[in-house]
Amino acid sequence: MKKTLLILFLSILLQQSYAQVHFIERYEVDSELNDPLFEMIDSEEGLISFRTIPEKGLNLRQKFQYFISDSSLNSKQGLIEFPVKDGYDMLGYDTDKDQLFILFTKGYALNSDKYLLQINLKNKEGLEFAVDNVLDMELVEFLVQDQKAIFMGTTDNRPVLQIHDIVTKTVHTLQGIYGNDTQILQIRKMPATQSLEVVLSRKGAHRNRDILINTYDMIGNVIQEVKVDQFAEPGQEIMDGILLSTGNYQEVMIGAYGLDRRNSYQGMYIMDINEFGEFDFKLYTLEDFPNFYNYLNEKNKVKKDAEILKELEKEKTPGINNQYVIRDVRQTETAYYVYFDQYIVSNSRSGYQNGAFSPNGAYRYDRWSRMGATNMTDPYMANRFPMSSSYQTIPEYQYISAHFAKIAKAGQVLWDNSSSYDDMLTTYPEAFGEVAIVGDDMYHMYVENQTIRLSFFRLGEKIFENQPFELGLVKEDERIRDTNEESLRLIHWYDRYYLLSGTQRIRSLNADGIDQVREVYFLTKIVVDGDLYRPEELSD
């Protein structure tokens, strides 16, 4: 009897745990398990999913496919296709208002022929434009704003950025970018002012790094230059950062700082920039984040906290031994929610260099414009992370912990906390976790080995950490037979909703009750609800 009650209780507890994650809506496209994956961009017209895929048969032709989903993953038009010129593959993409732009290349040499496909998302019409007067470059980023294509890449190991007017065919090269010891860290389109903002890192005097935030008009002229050539104390430098607008022509840049030449992190900075390009810094160390080591067990946390206290008593800035990289910033009218990851690059023979200023780049991608395939052999991914040419061995990333804080815009730390990754190993170089901010709640979710893991914080208090959830379906009479683990991608969509995508084999019964299996690419909408968590303990 006791055994029966125990099994029943565990079953109820399991159901309560799984109720925190619901798979509520799903959209499928017939697709083999190892077919090319869909890239995704969120737009005013809806969620756009698109890919190129080889045509059936003994030819080498490809076709371009896309579909648009609403917030319930309904697609009115379904899958729409366009032919791709013989020998061409998708290299880049972007949206501009109600237009989707796809950049195709014939091979991946620097001087390969290229063309643009422009698709009107309202009437589904497509136009093709030749791209024949842009510099030969290893493409890193492709954007479009106001019918002007923006090409960013490297040539002769130096960064270059050009604006190509699709209508007039004129090309303008942005000044002040091409040079030795210079990296482009971030590009922001500025539709309201028809301008482009570029964050640069450049070696300055005395071996230090300068940060430049340049604003250009759409013919390449510099409108404003913000030069950050003095930061904190001598030797301390900006290690990385995310630049975002705070309204009324004000901006903020948030990231990690430390001793770059020593590869040592010391904390977080917030740089406020006014409309005149004037700026000031707020610096935060481990003294300001008392819960930094909450990802450890109690014994190890006490030990680490004691070490910090000793450093502070000696009037030293406590250090962070591992990579401490900002992943996301969300803001309200009065506060910032910031999310950092702490990890180790464990393959020391890979040729990897740390920091925002490594020669292999630390370009900051917009999470929504690059949320598709994760396959490192994909040509576009290879251009973004050029491991084949820069590394003898693909580096492994050992993820240690995720760190969260709410910082008032006035400056004070309102709360901080952290959760463990349990030393997860991966070769994927981008952020793994995805955060959702809903009122006073923060969710952190990621996928590991076909398991969704969720952490939940309320008012900064950690309610639960890394709760595991199996991949699920919407229809109860269907079962997952196989999942291509490398295809899985989890992205926060809006509010408390996430999107999970990938390829699977699904088992079900047809109308005659006969077992059948279908292969699909899927999009699944997931809702999270921390209120459904009920921690309970079995009595002796």
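The first residue in the sequence is number 1, and the count goes up from there. Only a predicted model underlies this, so the values are computations on that prediction, with no experimental measurement involved.
Comment: Asp272 engages Lys282 in a salt bridge, judged by a side-chain N to carboxylate O separation of less than 4.0 angstrom.
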- prompt: Could you go step by step and tell me if Phe340 and Tyr265 meet the ring-ring contact (aromatic ring centres under 6.0 Å, His included) rule?
  reply: CA-CA 12 Å; Phe340 282 79; Tyr265 290 83; 9.1 Å; no
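Within 6.0 Å of CD in Glu476 there are 12 or fewer heavy atoms belonging to other residues, nucleotides or ligands. Around the CZ atom of Arg330, the shell of radius 6.0 Å holds more than 12 heavy atoms that belong to other residues, nucleotides or ligands.
Using cut-offs of 30° and 60° on the angle between ring planes, the pair Tyr399 and Tyr397 is tilted. Relative ring orientation between Phe404 and Phe457 is described as tilted, the plane-to-plane angle lying within the 30° to 60° band.
No side-chain N or O of Gln323 forms a donor-acceptor pair with one of Gln342 less than 3.5 Å apart. Side-chain atoms of Ser455 and Glu465 form no donor-acceptor pair, as typed in the model, at a separation below 3.5 Å.
In this structure, the side chain of Thr483 does not engage the main chain of Glu485 through any donor-acceptor pair within 3.5 Å. Of the possible donor and acceptor atoms, one in the side chain of Asp35 sits under 3.5 Å from a partner among the backbone N and O of Glu32. Judged by distance alone, the side chain of Asp96 and the main-chain N or O of Asp146 form a donor-acceptor pair under 3.5 Å.
Atom CG of Leu100 and atom CD1 of Ile48 lie 5.0 Å apart (nearest 0.5 Å). The CZ atom of Phe104 sits 12.5 Å away from the OH atom of Tyr93 when rounded to the nearest 0.5 Å. Summarising the geometry, atom CG belonging to Asn274 is positioned 10.0 Å from atom OG1 belonging to Thr246; distances are rounded to the nearest 0.5 Å. Expressed to the nearest 0.5 Å, how far CE of Met40 lies from CZ of Phe50 amounts to 9.5 Å.
Within the cation-pi definition used here (under 6.0 Å to the ring centroid, within 45° of the axis), Arg26 qualifies as a partner of Phe522.
A search for salt bridge (charged side-chain N to carboxylate O under 4.0 Å, His left out) contacts involving Lys97 returns nothing, not counting sequence neighbours. Listed by chain and residue number, Arg505 satisfy the salt bridge (charged side-chain N to carboxylate O under 4.0 Å, His left out) test with Asp482 (two or more places apart in sequence, or in another chain). For Asp288, the side chain to side chain contact (heavy atoms under 4.5 Å, CB included) partners two or more places apart in sequence, or in a different chain, are Tyr284, Thr285, Val413. In this structure, the side chain to side chain contact (heavy atoms under 4.5 Å, CB included) partners of Ser71, at least two apart in sequence or on a different chain, are Tyr494. Listed by chain and number, the residues in a salt bridge (charged side-chain N to carboxylate O under 4.0 Å, His left out) with Lys409 amount to none (sequence neighbours excluded). Scored by the salt bridge (charged side-chain N to carboxylate O under 4.0 Å, His left out) test, Asp441 finds Arg458 as partners (sequence neighbours excluded).
Two rings, from Tyr421 and Tyr343, have their centers 6.0 Å or more apart. Centroid-to-centroid, the aromatic rings of Phe38 and Phe67 come within less than 6.0 Å.
A ring pair (Phe, Tyr, Trp, His ring centres under 6.0 Å) with His403 is found for exactly one of Tyr295, Tyr337, Tyr339, Phe289, namely Tyr295. Here the rule is side chain to side chain donor-acceptor pair (under 3.5 Å) with Asp94, and of Gln145, Lys189, Gln99 only Lys189 fits it.
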